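Structure first, then comments.
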2 protein chains.
Amino acid sequence: MVSVIFPAAGQAKRLKAGVSVNKALLTLAGKPMLVWTLLKFSSLDEVGELIAVVPEDEVEFVERLLARVPKLKPVKVVAGGAERQFSVANGLKAVSTEAELVLVHDAARPLVATATIGRVIAGARVTGAAIPGVPEKNTIKVVNSDGMVESTPDRAKLWEIQTPQGFHRRVLMEAYLAAMRDGFVGTDDASLVERIGHPVQVVDGDNWNFKVTTPEDLAAAESFLKNDLAVRAKEGVSAAADLVADKVGEMKRQLEELRK
Amino acid sequence: MVSVIFPAAGQAKRLKAGVSVNKALLTLAGKPMLVWTLLKFSSLDEVGELIAVVPEDEVEFVERLLARVPKLKPVKVVAGGAERQFSVANGLKAVSTEAELVLVHDAARPLVATATIGRVIAGARVTGAAIPGVPEKNTIKVVNSDGMVESTPDRAKLWEIQTPQGFHRRVLMEAYLAAMRDGFVGTDDASLVERIGHPVQVVDGDNWNFKVTTPEDLAAAESFLKNDLAVRAKEGVSAAADLVADKVGEMKRQLEELRK
């Protein structure tokens with residue numbers, strides 16, 4: 001059985017919402033972001049447990065909100081901590097001992113493809129630790145606190161890492177206990193697992209699976225969900241590929257015009 | 001005077017267009033991507049020279065295409081090379097000796113904000129080398145050829161680098177001559193400048209300024225240009241900020257409902 005923890009206790013600082021709000025509760029195309037995310041995982045047979053981690057004073061609200069969502073498997077709602085890592089740790093305490101695998105997925109990645117989730121589950125079953133990623137498309141630089149470039153790492157070896165990150169339950173438990181003991185805080189769950197010397201496998205992520213962080217991301221996610229582009233693309237209809245074909249056709253017509 | 005080189009000789013490999021097409025000529029919201037990009041720079045008083053670098057067999061077409069675009073400053077169209085770096089080198093040969101600064105901008109970043117271009121120009125005037133970037137939001141990992149994680153660099157020091165990258169003409173010339181002499185190929189222009197020991201400053205980029213690489217990017221750019229969201233956001237109206245305010249209002253209403 002697969003259990004999934006959704007850290008959703010983050011404040012929407014970079015969204016510049018003007019007020020202190022829980023980003024995961026912002027509405028996208030008619031539904032709170034957290035609901036879109038939960039529904040995606042809830043639709044998978046392998047997923048037997050959903051655990052949402054929210055700020056302590058929102059636990060009751062979120063329970064009531066989720067109880068009204070049709071077709072959603074039951075969700076355990078637990079109180080989070082001050083940092084993402086502490087929230088995941090609280091979620092881990094609520095994981096059933098019957099779970100073979102534990103996945104951790106950012107509530108703010110509502111557009112993840114079910115195929116990506118499937119690859120993470122399949123990988124984690126074999127290696128004990130699998131995370132989705134895409135080859136880095138941008139040049140990344142190490143920049144010092146004065147804003148000057150220190151170095152440019154070789155892009156060919158860099159991957160942009162996404163979630164869900166999947167682990168054998170025991171591996172993740174051990175990694176979290178070690179991190180808590182040593183006061184280590186990482187930016188993702190895999191970094192805790194790497195620390196205890198367990199190998200971590202990277203599987204293919206998907207390009208729609210971005211984290212909603214900025215107002216621009218929110219606009220993009222809203223636009224995708226409204227147009228159903230992301231959903232259709234993931235179901236194999238590949239609306240994006242159709243769009244590219246349209247563009248190629250349009251370009252060819254324009255070039256023909258110019259040839260005249 | 002500022003001269004801007006636009007490498008636009010790249011094939012649309014990752015767009016999976018099915019045919020070999022020049023990505024920069026794909027139409028977005030009615031105009032080829034390259035035209036959107038050129039118009040953005042053409043609107044700036046400081047920019048006195050525009051140089052588009054395209055595949056050799058498209059030079060004539062592109063000249064004809066651009067001649068028909070209203071409100072566009074004259075554009076020199078030159079033939080590119082097999083790699084981005086060789087294309088930029090060909091563009092550099094066409095730069096007027098009257099240019100104090102040379103900017104290099106990916107034709108495939110049509111949504112760049114004029115404010116970002118302004119920060120690069122201002123920075124490059126002072127330091128001789130300025131590039132736009134945004135703090136990395138994702139966890140980046142170094143992954144080996146077997147798909148296993150090698151390390152997780154500290155995200156706090158990582159920046160995602162964009163274009164335009166701006167340089168004193170002499171600095172960029174020297175960097176390119178040294179790279180060509182040594183057979184060094186980098187993923188961006190600044191890496192060539194770093195190699196010759198010249199300091200490079202990072203200025204604030206913007207979140208709309210992504211490179212159109214995947215079908216998903218193409219869909220996002222099209223959607224932004226059609227809704228004029230990016231344009232309005234950059235003109236200070238901040239459509240994205242309005243959207244966030246709307247979402248916060250919507251969420252509050254939903255929470256109020258649940259409180260009843």
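Fair warning: this is a prediction, and the values are worked out from it, not measured in the lab. In what follows, every chain begins at residue 1, and chains take the letters A, B, ... in the order their sequences are listed.
B:Glu60 pairs by the side chain to side chain contact (heavy atoms under 4.5 Å, CB included) definition with B:Arg64, not counting sequence neighbours. Qualifying side-chain hydrogen bond (donor to acceptor under 3.5 Å, both in side chains) partners for A:Thr37, counting only residues two or more places apart in sequence or in other chains: none.
The existence of a salt bridge linking A:Asp217 and A:Arg109 is excluded, since no basic side-chain nitrogen approaches an acidic carboxylate oxygen closer than 4.0 Å.
Heavy atoms closer than 4.5 Å to chain B are found in the side chain of A:Glu194, but not in its backbone. Contact annotation for A:Ala190: both backbone and side-chain heavy atoms come within less than 4.5 Å of a heavy atom of chain B.
Taking chain B as the reference chain and counting heavy-atom pairs below 4.5 Å, the highest number among A:Val149, A:Leu158, A:Asn144 is found for A:Val149. When A:Lys141, A:Gln162, A:Gln201 are compared by the number of non-hydrogen pairs under 4.5 Å with chain B, A:Lys141 comes out ahead. Here B:Val142 is the residue among B:Ile131, B:Thr127, B:Val142 with the most heavy-atom pairs under 4.5 Å with chain A. Of all the listed residues (B:Asp146, B:Asn138, B:Val202, B:Thr139), the one sharing the greatest number of non-hydrogen pairs under 4.5 Å with chain A is B:Thr139. The candidate from A:Thr187, A:Asp154, A:Val203, A:Thr152 with the greatest count of non-hydrogen atom pairs under 4.5 Å with chain B is A:Thr187.
Distance CG/B:Leu225 to OG1/B:Thr27: 12.0 Å, rounded to 0.5 Å.
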Could you please spell out the steps behind the side-chain contact (heavy atoms from CB on, under 4.5 Å) verdict for A:Gln165 and A:Leu172? CA-CA 10 Å; A:Gln165 301 195 341; A:Leu172 192 61; over 6 Å; no
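Remark: B:Glu56 CD is loosely packed, at most 12 non-hydrogen atoms of other residues, nucleotides or ligands lying under 6.0 Å away.
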